[in-house]
Participant: 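Below you will find the structure I want to go over with you.
Predicted model only: the values in this text are computed from it and were never measured.
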Amino acid sequence: PAFPWLVRMSANFLVGGVLASVIATCSTLPFIWIHFGEWSPMGVVGTLVLLPLVALGLLLGWTYAVFPWWMPKAWAAWPFARIPEHLLTFDGWALTPHLLPPHAPWLILLTFTLLCCAMGLAMKNRNGPIQNWARRGSLATCALLLIPRTSPPAHMTLHVCDVGHGTAILAQMPCGRDWLFDAGSRDRKGVASRAVLPLVRKLGITRLNVVISHGDRDHQAALERIASRVGVQSYTGPGPLFDHDESMSFSDAGLDWDVGTGSLETTTCPFGRCTIRILRGLDESGNEGSRNLLLECDGRSVLLCGDAEDLGLTNVIPELKQHAPFAALLVPHHGSEQENLGCLISHTRPDEVWFSASERSPLAQNWPYSNTTTRWTARDGGWSVEFKPRKESPGNL
């Protein structure tokens with residue numbers, strides 16, 4: 001009968017297709033790991049789903065080539081037009097794409113070479129003790145390579161990326177929560193692939209709490225690509241272009257996922273060492289509606305400002321005095337000339353002043369406070385700073 005034959009043929013197709021896809025994925029994984037730093041595990045299933053479309057497209061394409069007067073051109077193109085739609089569907093699945101931990105190329109190649117040798121020995125004698133131990137050892141080594149290094153730093157650590165005219169700052173807290181403040185640039189491409197994601201891979205970060213000051217390109221252009229590769233635990237900012245779970249935002253405090261005006265304290269630190277606040281002066285779009293991120297840990301405070309420099313800034317300045325002196329201050333609006341600069345400096349009294357800006361930054365070029373240390377991405381490149389407590393005590397060790 002035809003039915004059992006059809007079942008056997010379908011089973012053979014599924015098993016053979018999955019095995020072929022797994023072999024292809026595993027054999028190319030070392031090179032993808034070294035050159036791209038990410039892979040798509042769901043591609044194993046995606047390849048199997050696309051095979052019938054490719055086969056149908058080849059069949060219809062050859063038919064159209066031989067009998068062009070008999071078959072409409074749209075029929076031959078239909079299967080290949082469906083392939084991008086299926087790829088976009090798979091791209092939305094979990095772990096696709098997925099960042100791989102950074103390792104030395106020689107270590108990756110050596111591990112996969114040993115794995116292939118162990119598998120070859122196991123196929124010759126599956127029950128041999130040497131072959132079994134070689135296979136287990138190689139699989140364990142591969143598993144160790146895939147596990148990211150996620151140990152948090154001992155103290156609050158900030159990483160400022162040099163993205164030209166824009167902002168992208170990654171903050172790591174001792175409690176294990178990692179924060180991303182803005183992610184964009186107006187004059188540089190590849191902020192996600194060249195700056196933020198390599199840093200995220202290096203630090204072994206798998207989930208981020210994201211705060212976007214406002215919706216301009218130089219503050220959020222790279223966010224969609226970052227969110228497609230790193231889990232977003234919470235999000236604060238203008239309407240996002242990616243899927244996220246709003247219930248995860250500030251769930252400990254039972255608060256909304258954004259702040260209109262004033263101050264919003266985020267999820268509490270399990271160790272009682274860190275406090276994260278979002279400050280906003282005006283509830284509107286544009287520069288004056290920018291959100292500012294206030295990070296506190298072990299008595300050290302850091303203020304990261306958006307682009308508000310008029311009323312949106314003056315409304316939050318009174319709240320800053322109680323947290324002064326600040327260890328670092330990111331100057332608003334990339335260091336443009338500002339009337340409220342003196343009031344901001346007097347209320348924050350920062351040890352360091354940061355400028356995330358390209359070569360054209362009036363305040364960075366002519367900083368009026370000579371007794372304050374300045375850092376400027378256009379001059380100094382990116383940097384990382386660990387903020388240790390001013391005085392060690394049993395509570396913050």
Participant: Between C305 and L329, is a side chain to side chain contact (heavy atoms under 4.5 Å, CB included) present by the stated rule, with each step listed?
Facilitator: CA-CA 8 Å; C305 295; L329 166 68; 3.9 Å; yes

Participant: Does CZ in F36 sit with more than 12 non-hydrogen atoms of other residues, nucleotides or ligands closer than 6.0 Å?
Facilitator: no

Participant: I'd like to check I226 versus L208 (side-chain heavy atoms, cut-off strictly below 4.5 Å). Are they in contact?
Facilitator: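 Heavy-atom side-chain distance check passes, below 4.5 Å.
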
Participant: Closest approach of H347 and A324, non-hydrogen atoms and distance?
Facilitator: O-CB, 3.2 Å

Participant: What do the steps show when you test L294 against E319 for side chain to side chain contact (heavy atoms under 4.5 Å, CB included), and what is the final call?
Facilitator: CA-CA 11 Å; L294 174 58; E319 189 171 342; 5.9 Å; no

Participant: Does the R291 side chain pair with the main chain of S213, one donor and one acceptor, at a distance under 3.5 Å?
Facilitator: yes

Participant: Do you know which two heavy atoms are closest between P350 and T372, and how far apart they sit?
Facilitator: O-CG2, 3.7 Å

Participant: Would you name the heavy atoms of G306 and S290 that are closest together and state the gap between them?
Facilitator: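 Nearest pair, atom of G306 first, then S290: CA-CB, 3.9 Å.
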
Participant: Is there a continuous path of hydrophobic side-chain contacts, each under 4.5 Å between heavy atoms, that joins I345 to L304?
Facilitator: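 Different clusters: I345 never reaches L304 through Ile, Leu, Val, Met, Phe, Trp or Tyr contacts under 4.5 Å.
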
Participant: Considering only residues two or more places apart or on different chains, which pairs with a residue in residues 60-76 satisfy salt bridge (Lys or Arg N to Asp or Glu O under 4.0 Å)?
Facilitator: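 The answer is none; no pair qualifies.
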
Participant: Indicate yes or no: does E38 engage R201 in a salt bridge with an N to O separation below 4.0 Å.
Facilitator: no

Participant: Just to verify, which of V353, L320, I317 counts as forming a side chain to side chain contact (heavy atoms under 4.5 Å, CB included) with T348?
Facilitator: L320

Participant: Using a 4.5 Å cut-off on heavy atoms from C-beta on, say whether the side chain of L293 contacts that of V302.
Facilitator: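 Not in contact.
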
Participant: Ignoring hydrogens and geometry, is there a side-chain-to-backbone donor-acceptor pair from E337 to P362 under 3.5 Å?
Facilitator: no

Participant: Is it true that F181 and F326 fall in one hydrophobic cluster, defined by side-chain heavy atoms closer than 4.5 Å?
Facilitator: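 The answer is no; the residues belong to distinct hydrophobic clusters.
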
Participant: State the CG-CH2 distance between L56 and W75, to the nearest 0.5 angstrom.
Facilitator: 12.0 Å

Participant: Where the side chain of D307 meets the backbone of N287, is there a donor-acceptor pair that is under 3.5 Å apart?
Facilitator: no

Participant: Can you tell me how far OG1 of T374 sits from CG of D380, rounded to the nearest 0.5 angstrom?
Facilitator: 7.0 Å

Participant: Mark yes or no for whether Q220, through its side chain, and G215, through its backbone, hold a donor-acceptor pair below 3.5 Å.
Facilitator: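 A pair under 3.5 Å: yes.
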
Participant: Other residues, nucleotides and ligands only: do more than 12 of their heavy atoms fall within 6.0 Å of CZ on R360?
Facilitator: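 Counting neighbours around CZ of R360, 12 or fewer heavy atoms of other residues, nucleotides or ligands fall under 6.0 Å, so no.
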
Participant: If I compare all heavy atoms of P332 with all of L313, which pair ends up nearest, and what's the gap?
Facilitator: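 The pair with the smallest heavy-atom distance is CG-CD2, 4.1 Å.
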
Participant: Does some side-chain heavy atom of V210 sit less than 4.5 Å from a side-chain heavy atom of T236?
Facilitator: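 With C-beta onward as the side chain, the pair stays apart.
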
Participant: Counting heavy atoms not belonging to R217, are there more than 12 under 6.0 Å from its CZ?
Facilitator: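 Atom CZ in R217 is not crowded, with 12 or fewer foreign heavy atoms closer than 6.0 Å.
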
Participant: Within this structure, what is the CG-OG1 distance for the pair L295 and T157, rounded to the nearest 0.5 Å?
Facilitator: 11.5 Å

Participant: In terms of hydrophobic clustering (I, L, V, M, F, W, Y; side-chain heavy atoms under 4.5 Å; direct or indirect links), are L180 and V191 co-clustered?
Facilitator: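 Yes, same cluster.
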
Participant: Donor-acceptor pair, distance only, cut-off 3.5 Å: does the side chain of W33 make one with the backbone of T28?
Facilitator: no

Participant: When you measure from the side chain of R280 to the backbone N and O of G289, does any donor-acceptor pair fall under 3.5 Å?
Facilitator: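 Looks like yes, one N/O pair under 3.5 Å.
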
Participant: Is the shortest heavy-atom distance from the side chain of H155 to the side chain of P389 under 4.5 Å?
Facilitator: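 Side-chain contact under 4.5 Å: yes.
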
Participant: Could you give me the CA-CA distance, side-chain angles and deciding distance for Q338 and H333, then say whether side-chain hydrogen bond (donor to acceptor under 3.5 Å, both in side chains) is met?
Facilitator: CA-CA 9 Å; Q338 304 165 25; H333 208 178; 5.9 Å; no

Participant: Are there over 12 heavy-atom neighbours, none belonging to E359, within less than 6.0 Å of that residue's CD?
Facilitator: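 Counting other residues, nucleotides and ligands, CD of E359 stays at 12 neighbours or fewer.
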
Participant: Side chain of N292, backbone of L279: donor and acceptor closer than 3.5 Å?
Facilitator: yes

Participant: Show the numbers, then the answer: is there a side chain to side chain contact (heavy atoms under 4.5 Å, CB included) between V160 and R375?
Facilitator: CA-CA 10 Å; V160 180; R375 294 178 188 250; over 6 Å; no

Participant: As an exercise, state the distance from OG of S358 to CG of D218, rounded to the nearest 0.5 Å.
Facilitator: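 Reported to 0.5 Å precision, the distance equals 10.0 Å.
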
Participant: Do the ring centers of W383 and W354 come within less than 6.0 Å of each other?
Facilitator: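 Ring-ring flag for W383/W354: true, centres closer than 6.0 Å.
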
Participant: Counting C-beta onward and ignoring hydrogens, is there a side-chain heavy-atom pair between R177 and I276 closer than 4.5 Å?
Facilitator: no

Participant: Return yes if some donor-acceptor pair links the side-chain N/O of S336 with the main-chain N/O of H334 below 3.5 Å, else return no.
Facilitator: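 Side chain of S336 to backbone of H334: no pair is present.
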
Participant: Transitively linked via ILVMFWY side-chain contacts under 4.5 Å: I169 with F355?
Facilitator: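 They do not share one cluster, since no chain of ILVMFWY contacts under 4.5 Å joins I169 to F355.
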
Participant: If two hydrophobic side chains count as joined below 4.5 Å and joins carry through other members, does L330 share a cluster with L344?
Facilitator: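 The answer is no; the residues belong to distinct hydrophobic clusters.
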
Participant: Which residues end up grouped with L282 if you chain together Ile, Leu, Val, Met, Phe, Trp and Tyr wherever their side-chain heavy atoms are less than 4.5 Å apart?
Facilitator: L311

Participant: Would you check if the side chain of N340 reaches a backbone N or O of T314 as a donor-acceptor pair within less than 3.5 Å?
Facilitator: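 Not at all, since once roles are kept as given, no pair shorter than 3.5 Å links the two residues.
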
Participant: Minimum heavy-atom separation for H219 to I212, with atom names?
Facilitator: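 Nearest pair, atom of H219 first, then I212: O-CD1, 3.6 Å.
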
Participant: Report yes if the side chains of C175 and P152 come closer than 4.5 Å at any heavy-atom pair, otherwise no.
Facilitator: no

Participant: With a 4.5 Å limit on heavy-atom distance, are the side chains of W367 and L341 in contact?
Facilitator: yes

Participant: Go through the steps for N209 and S234 under the test side-chain hydrogen bond (donor to acceptor under 3.5 Å, both in side chains), then give the verdict.
Facilitator: CA-CA 5 Å; N209 299 277; S234 69; 2.7 Å; yes

Participant: Please say whether more than 12 non-hydrogen atoms of neighbouring residues, nucleotides or ligands are located less than 6.0 Å from CD in E85.
Facilitator: yes

Participant: Could you grab the distance from atom CD of E386 to atom CG of L158, nearest 0.5 Å is fine?
Facilitator: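 If I round to the nearest 0.5 Å, the distance is 11.0 Å.
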
Participant: Hey, does the side chain of R300 reach the backbone of K388 with a donor-acceptor pair shorter than 3.5 angstrom?
Facilitator: yes

Participant: What distance separates S185 OG from R194 CZ, expressed to the nearest 0.5 Å?
Facilitator: 11.0 Å

Participant: Contact between D351 and T373 at the side-chain level, heavy atoms closer than 4.5 Å - yes or no?
Facilitator: no

Participant: For the residue pair E288 and E309, what are the closest heavy atoms and their distance?
Facilitator: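 The pair with the smallest heavy-atom distance is OE2-N, 3.2 Å.
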
Participant: Take M173 and C269 through the test side chain to side chain contact (heavy atoms under 4.5 Å, CB included) and record every step on the way to the result.
Facilitator: CA-CA 9 Å; M173 310 305 286; C269 173; over 6 Å; no

Participant: Just grab all the salt bridge (Lys or Arg N to Asp or Glu O under 4.0 Å) pairs involving residues 13-35, residues at least two apart or on different chains.
Facilitator: none

